[in-house]
Asks: 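Before we start, here is the structure in question, set down as structure tokens.
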Amino acid sequence: MKIILITGASRGIGAATALLAAEAGYAVAVNYCSNAAAAAQVVEKIRAAGGTAAAIQADISREEEVMKLFSETDRLLGRLTVLVNNAGILEHQMRLENMTAARLNRIFAANITGQFICAREAVKRMSTKHGGSGGAIINISSVAAKTGSPNEYLDYAASKGAIDTFTIGLSKEVAEEGIRVNGVRPGFIATDIHAAGGEPGRVERLKSSIPLKRGGSAAEVAEAVLWLASDKAGYSTGTFIDVSGGR
Ligand code: NAP
């Protein structure tokens, strides 16, 4: 059975990806940071439909917790086939003048260091150089990497720019070792993340600026992720799918 680990899978895009992955026949490691009840619900839904899943707590910005996340995935489900580097955070909308170094460090630790060290642990397990049988890594970036998010979150947007560069570089580094590395750049997707930025109604406010004139759903992002994970995407590496309604 193929094993998929999805970081930040207790809600939003991660939870939708977990449910779709289970439908596609993966055993799913459902990582969460603080919301054990929401992660348990995702696992329960998968099991109720006859699938295999385990909830595993870890703050992906902390290296020792990432080590535990991967060893628990090994122990509970087996050797990893796919990593979805999905967990990410943003903080309240503000201009650069008001951003503290502490805030920048929190954003970069979760959105950059977290994805790097999760990918590192995945490569150790997937790479044919390390005795693995290959795999796929999908990094969740954002259209913000291209727009820069002025007046809202330059820090978040820049962290996603780093992820795009990381995706290109890592894809080349491990291409001959059976691992494909790709990115998905969502646009405005209806999830709780906008409330964390201080504006729960953000997608509604901005939808007229989207060529398709609506926000996207987490399930629509999950479809792109699962395609990149699958053998159907076997000739795609170091590339991106924008799920952004044309933005
Ligand atoms: P969300 O609804 O806020 O969910 C975030 C998830 O990440 C939760 O499961 C949360 O776990 C987990 N998480 C947060 N910090 C974590 C950490 N340090 N360690 C482990 N897990 C952590 O977010 P979302 O909208 O689904 O976003 C998912 C990804 O898509 C992010 O990378 C985000 O940047 C990207 N994205 C989203 C949008 C959008 O419009 N929604 C657009 C572009 C890109 P707990 O619930 O346990 O705290």
Side-chain angles (χ1 to χ4, degrees), residues 5-19 28-43 55-66 68-70 83-91 93 105-118 138-149 152-153 155-164 166-167 183-207 210 214-222 224-225 240-245 247:
L5 165 59
I6 305 166
T7 63
S10 51
R11 51 199 169 84
I13 292 167
T17 305
L19 297 174
V28 189
V30 174
N31 161 250
Y32 67 99
C33 187
S34 57
N35 198 337
Q41 270 185 10
V42 174
V43 167
I56 307 174
Q57 193 280 331
D59 177 344
I60 52 110
S61 68
R62 301 174 68 92
E63 188 166 25
E64 68 281 8
E65 296 194 20
V66 168
K68 191 195 74 184
L69 168 63
F70 278 79
L83 167 68
V84 183
N85 247 333
N86 168 75
I89 57 167
L90 48 71
E91 297 197 11
Q93 297 167 356
N105 288 333
R106 281 193 300 275
I107 296 289
F108 298 157
N111 294 4
I112 305 176
T113 308
Q115 286 209 15
F116 268 68
I117 55 182
C118 286
I138 296 96
N139 294 328
I140 306 301
S141 170
S142 171
V143 163
K146 297 193 284 185
T147 65
S149 301
E152 292 191 324
Y153 355 79
D155 50 357
Y156 170 85
S159 75
K160 295 302 188 177
I163 290 309
D164 285 1
F166 173 54
T167 299
V184 171
R185 285 189 289 236
F188 297 133
I189 309 298
T191 72
D192 295 341
I193 205 169
H194 306 289
E199 191 188 1
R202 181 165 173 262
V203 176
E204 212 40 38
R205 173 173 65 86
L206 294 169
K207 70 180 184 188
I210 304 167
R214 66 170 177 88
S217 70
E220 288 172 310
V221 180
V225 174
F240 301 87
I241 299 180
D242 289 358
V243 184
S244 59
R247 272 179 76 226

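First listed ligand is number 1; within each ligand, the first listed atom is number 1.
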Asks: Can you tell me the protein heavy atom closest to atom 9 (O) of ligand 1 and the distance?
Replies: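 Residue, atom and distance for the closest contact: S10 OG, 2.7 Å.
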
Asks: Please list the nearest protein heavy atom to atom 42 (C) of ligand 1 with its residue and the distance rounded to 0.1 Å.
Replies: G187 O, 2.9 Å

Asks: Show me which atoms of ligand 1 lie under 4.0 Å from any heavy atom of N31.
Replies: 20 (C), 21 (N)

Asks: With a 4.0 Å cut-off, would you call R214 and E220 a salt bridge?
Replies: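 E220 and R214: salt-bridged.
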
Asks: Numbering the atoms of ligand 1 from 1, which are under 4.0 Å from a heavy atom of G12?
Replies: 2 (O), 26 (O)

Asks: Would you call L19 and V42 a side-chain contact if the rule is heavy atoms closer than 4.5 Å?
Replies: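 Heavy-atom side-chain distance check passes, below 4.5 Å.
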
Asks: Please indicate whether any nitrogen or oxygen in S142 is less than 3.5 Å from any nitrogen or oxygen in ligand 1.
Replies: no

Asks: Would V66 and D59 count as a side chain to side chain contact (heavy atoms under 4.5 Å, CB included) here? Give the steps.
Replies: CA-CA 7 Å; V66 168; D59 177 344; over 6 Å; no

Asks: Check whether the side chains of S244 and D242 place a donor and an acceptor atom closer than 3.5 Å, and report yes or no.
Replies: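 Not at all, the side chains of S244 and D242 share no donor-acceptor pair under 3.5 Å.
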
Asks: Can you find a pair of side-chain heavy atoms, one from P186 and one from V143, that are under 4.5 Å apart?
Replies: no

Asks: Do K146 and K160 make a side-chain contact, defined as non-hydrogen atoms from C-beta onward lying under 4.5 Å apart?
Replies: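 K146 vs K160: side chains apart.
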
Asks: Looking only at protein heavy atoms, which one is nearest to atom 20 (C) of ligand 1, and how far off is it?
Replies: A58 O, 3.2 Å

Asks: Among all protein heavy atoms, pick out the one at the shortest distance from atom 36 (N) of ligand 1; state its residue, atom name and that distance to 0.1 Å.
Replies: Y156 OH, 3.5 Å

Asks: Could you tell me the residue and atom name of the protein heavy atom closest to atom 24 (P) of ligand 1, and the distance to it rounded to 0.1 Å?
Replies: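 Protein heavy atom at minimum distance: T191 OG1, 3.6 Å.
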
Asks: Report the nearest protein non-hydrogen atom to atom 14 (C) of ligand 1: residue, atom name, distance rounded to 0.1 Å.
Replies: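 Of the protein heavy atoms, I89 CG2, 3.8 Å lies nearest.
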
Asks: Find out whether H194 and V203 are in side-chain contact, i.e. whether some heavy atom of one side chain is under 4.5 Å from a heavy atom of the other.
Replies: yes

Asks: Dump the intermediate steps for side chain to side chain contact (heavy atoms under 4.5 Å, CB included) on R11 and D192, then the final yes or no.
Replies: CA-CA 8 Å; R11 51 199 169 84; D192 295 341; 3.4 Å; yes

Asks: Would you mind reporting whether I60 and C33 have side-chain heavy atoms less than 4.5 Å apart?
Replies: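 The answer is no, as the side chains (C-beta and beyond) never meet within the 4.5 Å cut-off.
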
Asks: At under 4.0 Å between heavy atoms, which part of A38 makes contact with ligand 1: side chain, backbone, both or neither?
Replies: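 Neither part.
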
Asks: State the atoms of ligand 1, each with its element, that fall below the 4.0 Å cut-off from a heavy-atom position in G88.
Replies: 31 (C), 32 (O)

Asks: Determine whether a donor-acceptor pair (N or O, by modelled atom type, separation under 3.5 Å) exists between the side chain of S159 and the backbone of N111.
Replies: no

Asks: Say whether A109 and ligand 1 are in contact under the criterion: heavy-atom distance to a ligand atom below 4.0 Å.
Replies: no

Asks: For ligand 1, which atoms have a heavy atom of S34 less than 4.0 angstrom away?
Replies: 45 (P), 47 (O), 48 (O)

Asks: When you measure from atom 28 (C) of ligand 1 to each heavy atom in N111, I189, N86, which option holds the nearest one?
Replies: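 The nearest heavy atom belongs to N86.
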
Asks: Below 3.5 Å, N or O to N or O, backbone or side chain included: is there any such pair between C33 and ligand 1?
Replies: yes

Asks: Taking 4.0 angstrom as the limit and counting only heavy atoms of I140, give me the atoms of ligand 1 inside it, by number and element.
Replies: 29 (C), 30 (O), 35 (C)

Asks: Against heavy atoms of P186, which atoms of ligand 1 measure under 4.0 Å?
Replies: 42 (C), 43 (C), 44 (C)

Asks: Would you mind listing which atoms of ligand 1 come within a distance below 4.0 Å of any non-hydrogen atom of A9?
Replies: 9 (O)

Asks: Does the side chain of R202 come within less than 4.5 Å of F188's, by heavy atoms?
Replies: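 F188 vs R202: side chains touch.
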
Asks: Looking at T167, D164, N86, which one forms a side-chain hydrogen bond (donor to acceptor under 3.5 Å, both in side chains) with N139?
Replies: T167

Asks: Could you tell me the residue and atom name of the protein heavy atom closest to atom 18 (N) of ligand 1, and the distance to it rounded to 0.1 Å?
Replies: D59 OD1, 2.9 Å

Asks: Does any non-hydrogen side-chain atom of L83 lie less than 4.5 Å from one of F70?
Replies: yes

Asks: I want to know if ligand 1 touches G8 in the polar sense, i.e. an N/O pair below 3.5 angstrom.
Replies: yes

Asks: Say whether I60, considering both its backbone and side-chain N or O atoms, lies within less than 3.5 Å of an N or O atom on ligand 1.
Replies: yes

Asks: Could you check if a side-chain atom of S142 sits within less than 4.5 angstrom of a side-chain atom of R185, using non-hydrogen atoms only?
Replies: no

Asks: May I ask you to identify the nearest protein heavy atom to atom 37 (C) of ligand 1, giving residue, atom name and distance to one decimal place in Å?
Replies: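 Answer, as residue, atom name and distance: I13 CD1, 3.8 Å.
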
Asks: Does any N/O atom on K160 come nearer than 3.5 Å to any N/O atom on ligand 1?
Replies: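 Yes.
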
Asks: Compute the minimum heavy-atom distance from H194 to ligand 1 and say whether it is under 4.0 Å.
Replies: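 Yes, H194 has a heavy atom closer than 4.0 Å to ligand 1.
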
